[in-house]
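A short write-up of the structure that comes next.
Worth saying up front: this structure is predicted, and the values here are computed from it rather than measured. Residue numbers start from 1 in every chain, and the chains themselves are labelled A, B, ... in the order their sequence lines are given, proteins ahead of strands.
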Amino acid sequence: MSARARRTSFPEVVIERDSDTEKSSDDEEEVEDDVVESDDQEEEDDNEEQKGKEAEVSSAANKKGKAPITISLKKVCKVCKRTGHQAGFQGPTYIDCPMKPCFLCKLPGHTTVNCPHRVAMEFGVIPAYRKRTNNSLDYVFERQVRHRVPSIKPEFVIPDEVNCAVIRYHSRRVTCLEFHPTNNNILLSGDKKGQLGVWDFGKVHEKTVYGNIHSCLLNNMKFSPANDGTVYAASSDGTMSCTDLETGLSTPLMDLNPNGWQGPNSWTMLYGMDLNAEKGLVLVADNFGFLHLVDTRSNSQKGNSILIHKKGTKVVGLHCNPFQPDLLLSCGNDHFARIWDIRRLEAESCLQSLPHKRVVNSAYFSPISGSKIVTTSIDNRIRVWDSIFGNLETPSREIVHSHDFNRHLTPFRAEWDPKDPSESLVVVGRYISENYNGLALHPIDFIDISTGQLVAEVMDPNITTITPVNKLHPRDDVLASGSSRSLFIWRPKEKSEMVQEKDERKIVVCDRKNSKFGDDDDDSGDDFSSKKGKNGKSKSKKPILVTTPCSSSKKKKKKS
DNA sequence: AGTCGATGCTCCC
DNA sequence: TGGGAGCCCTCGAC
């Protein structure tokens, strides 16, 4: 009996067989066959479904006539390409490849299922503890800053229910969000195509998208502190723009590719951006490690560009300290976050380098006192420095959290709650899914960065996509999320109910072409609620969200 | 329901 | 340092 004939535990498809007596002369193949057999034994023991396929082709190149080609269907792990196990979704639960390090904490020896960081997110985190250096900066902190940070933590208010949304607001994935500084209902959103959305979520059906400002990824935007009708934006097309929100008219303040496309080695993209209101400066950083300053009064570049990160690497984040705007925090792909003094900016003049193990997606000073730093790195760790006046050699805390890099997703950024006086609440989307009543959902996490504890995980059975872009409202208990091409507004449950009393929850489906309901004004669509969970496990889904009419909308006409 | 492809980015050699 | 291989929980179209 040949080896192939004995293989009975999985389906076999013989495409062509010339002669049963012909055997492959290739020794290596013989060995492989043996390996396969032992794997088969495991499969029988496991008694699992056979999925995947492996084509075994006997070369028989030295023989005349046709070679036998046997394709056997058996399970192959798509991660490590070995047999005997399989990674992937089994229903709503993702099974990791046991041959790889933990997908969550990146350590070997276990998978995410029993990773201690998944069981308890605060695992291994040292609760609030400030390293005292007893130097003069510590003294300054005690005198000037400490009283701004209350020692008693207020109760966190979590916006945990979808209040309104526009499905497919953008034609490409959302890259950034920004709330209007004075108008509570205006949300700005940028997308991968460079389009800028202006959404008044008080009037859900009204949708404005400016498509002619940038030609690719809108990476960051900020409102002008001098004029809240004006917004600055940095894009991968190499331009930094200043746009009037009323008219949509845009002025390019900087174009780093004035000669157009000259090849990938010279094409400059703008990523990190922030404003220094005191000095009237826009700070932007590019993909070659340089920082550029633009004077908003003269609309011209100020000084020379300065290399602030390793030459040739992206600088993805810039943040001016809210308390001392001359302090600048940058982060980038050279695995560093850096603190700078804008008054003394030159290459290698940074006050402090904060090393990370991998690329740093974001680095922010705390929003009120500016004395803390939170960074998000693609090594699946949120790092916290409790005081920029203290010892910055090592972070005060490292919180393991799933926010891996994926080329199809906007990079995750942990964002402060600007309303939290204790400066300890942070919001960040989660990459890996969890099984919630038979649905694989990717929640949005609220984390207390002083303890590493998961304060809340916010999800909706209808949002099955990953939500990497999140922004908390500067004044209201509102969370804005960008998930794929859609925008969501969350409010706390009780408040949501109050709002609904006078105006029902509003979910609008955009994109005429892809929606069978056709019209933005059409209120009958259930595209949102009909979305399936992972692996089509939609049976146990609670249909809590439906497309409801906007009662205040005057445009109530049905298409015949 | 299952497959496929668009593709940017990281990191290793 | 440059080039290129490879990429584990995408997402949406067909």
Side-chain angles (χ1 to χ4, degrees), chain A residues 51-53 73 76-82 85-106 108 111-113 115 118 167-168 170-175 191-193 216-217 219 236 263-265 267 269 271 287-289 310-314 316 332-335 356-361 377-380 401-412 429-436 439-443 459 463-469 482-486 509-511 513-516 527-528 530-539:
Chain A
K51 290 179 183 170
K53 58 187 177 232
L73 301 173
V76 175
C77 175
K78 64 178 179 183
V79 177
C80 69
K81 310 286 186 272
R82 288 187 226 195
H85 65 273
Q86 259 196 315
F89 276 103
Q90 282 185 12
T93 308
Y94 190 92
I95 305 299
D96 286 294
C97 170
M99 310 306 286
K100 292 274 181 170
C102 172
F103 191 57
L104 175 55
C105 73
K106 309 301 176 196
T111 64
T112 56
V113 173
C115 176
R118 189 164 189 173
I167 310 304
R168 298 192 208 100
H170 285 275
S171 58
R172 290 289 182 275
R173 63 161 210 254
V174 174
T175 53
D191 73 16
K192 187 172 173 267
K193 229 176 164 183
C216 55
L217 279 119
N219 292 312
S236 288
N265 295 333
W267 185 260
M269 301 184 257
Y271 283 88
N287 57 328
F288 292 117
K310 187 181 171 186
K311 198 170 186 181
T313 64
K314 267 198 316 194
V316 291
N333 285 18
D334 65 350
H335 301 195
H356 292 67
K357 293 213 168 62
R358 301 283 296 278
V359 165
V360 190
N361 285 347
S377 170
I378 66 166
D379 65 352
N380 266 0
H401 177 264
S402 171
H403 48 253
D404 289 77
F405 168 81
N406 182 312
R407 66 178 148 166
H408 305 287
L409 299 175
T410 302
F412 291 84
R430 195 192 300 176
Y431 191 93
I432 56 173
S433 62
E434 206 74 53
N435 180 354
Y436 297 99
L439 272 178
L441 301 177
H442 309 262
M459 86 291 289
I463 307 174
T464 53
T465 46
I466 294 175
T467 312
V469 192
S483 188
S484 185
R485 295 145 58 184
S486 306
V509 183
C510 281
D511 196 340
K513 182 165 62 83
N514 296 313
S515 170
K516 58 181 168 157
D527 186 287
F528 186 44
S530 70
K531 267 182 89 84
K532 288 202 171 66
K534 283 258 156 50
N535 282 8
K537 295 265 174 188
S538 56
K539 50 196 172 224

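- Whole-Å rounding puts the A/Leu409 CG to B/dC9 P distance at 12 Å.
- Residue contacts for A/His403: at a heavy-atom cut-off of 4.0 Å it reaches no nucleic acid atom on any strand shown.
- A/Asp404 comes within 4.0 angstrom of nothing in the nucleic acid, heavy atoms only.
- The CD1 atom of A/Ile432 sits 12 Å away from the P atom of C/dT10 (whole-angstrom rounding).
- Mapping A/Lys310 and A/Lys78 onto DNA chain C by nearest heavy atom places A/Lys310 at the nucleotide closer to the 5' end.
- Between the P atom of C/dA13 and the CZ atom of A/Arg168 lies a distance of 6 Å, rounded to the nearest Å.
- Sorted by first and then second residue, the salt bridge (charged side-chain N to carboxylate O under 4.0 Å, His left out) pairs with a member in residues 402-412 of chain A read A/Lys106-A/Asp404; sequence neighbours excluded.
- Taking the P atoms as reference points, B/dC13 lies 16 Å from C/dC8, given to the whole Å.
- Within the 4.0 Å cut-off from OP1 or OP2 of C/dC7, not a single side-chain nitrogen or oxygen of A/Asn406 is found.
- At least one side-chain nitrogen or oxygen of A/Tyr271 sits closer than 4.0 Å to the OP1 or OP2 atom of B/dC9.
- If you check every strand for non-hydrogen atoms under 4.0 Å, A/Pro411 touches nothing.
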*Go through A/Thr111 and A/Cys102 one step at a time and tell me if the side-chain contact (heavy atoms from CB on, under 4.5 Å) criterion holds.*
CA-CA 4 Å; A/Thr111 64; A/Cys102 172; 5.8 Å; no
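- One finds a side-chain N or O of A/Ser484 lying less than 4.0 angstrom from the OP1 or OP2 phosphate oxygen of C/dG12.
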Could you list the protein-to-nucleotides 5-7 of chain B atom pairs, N/O on both sides, closer than 3.5 Å?
residue : atom : partner  : partner atom : Å
B/dA6   : N1   : A/His408 : NE2          : 3.4
B/dT7   : O2   : A/Arg407 : NH1          : 2.5

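- Within 4.0 Å (heavy atoms only), A/Tyr431 reaches sugar-phosphate atoms of the nucleic acid but no base atom.
- Looking at every heavy atom in both residues, A/Thr467 comes nearest to A/Ser483 through OG1-OG, 3.2 Å.
- The minimum heavy-atom distance between A/His170 and A/Asp191, with the atom names listed, is ND1-OD2, 2.9 Å.
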*Can A/Met269 and A/Leu217 be said to form a side-chain contact (heavy atoms from CB on, under 4.5 Å), step by step?*
CA-CA 9 Å; A/Met269 301 184 257; A/Leu217 279 119; over 6 Å; no
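- In this structure, A/His170 places its NE2 atom 17 Å from C1' of C/dC11, rounding to the nearest Å.
- Across A/Tyr94 and A/Gly88, no two heavy atoms sit closer than the pair CE1-CA, 3.5 Å.
- Closest to the side chain of A/Phe405, out of C/dC8, B/dG8, C/dT10, is B/dG8.
- Contact detail for A/Ile167 and A/Ser486: the closest heavy-atom pair is CA-OG, 3.5 Å.
- Comparing C/dC9, C/dG12, B/dT10 against the side chain of A/His442 picks out C/dC9 as the nearest.
- Here B/dC9 presents its C1' atom at 15 Å from CZ of A/Phe412, a figure rounded to the nearest Å.
- Among the protein residues, A/Thr112 comes within range of the nucleic acid bases, having at least one heavy atom under 4.0 Å from a base atom.
- Atom CZ in A/Phe103 sits roughly 6 Å away from atom P in C/dC9 (whole-Å rounding).
- When distances run from any side-chain atom of A/Lys100 to the nucleotides C/dG12, C/dT10, C/dC8, the shortest one goes to C/dC8.
- Between A/Asn380 atom CG and C/dC8 atom P there is a gap of 14 Å when expressed in whole angstrom units.
- Smallest separation of non-hydrogen atoms from A/Leu441 and A/Met459: CD1-CG, 3.4 Å.
- Going from atom CD1 of A/Ile463 over to atom C1' of C/dG12 covers 17 Å, rounded to whole Å.
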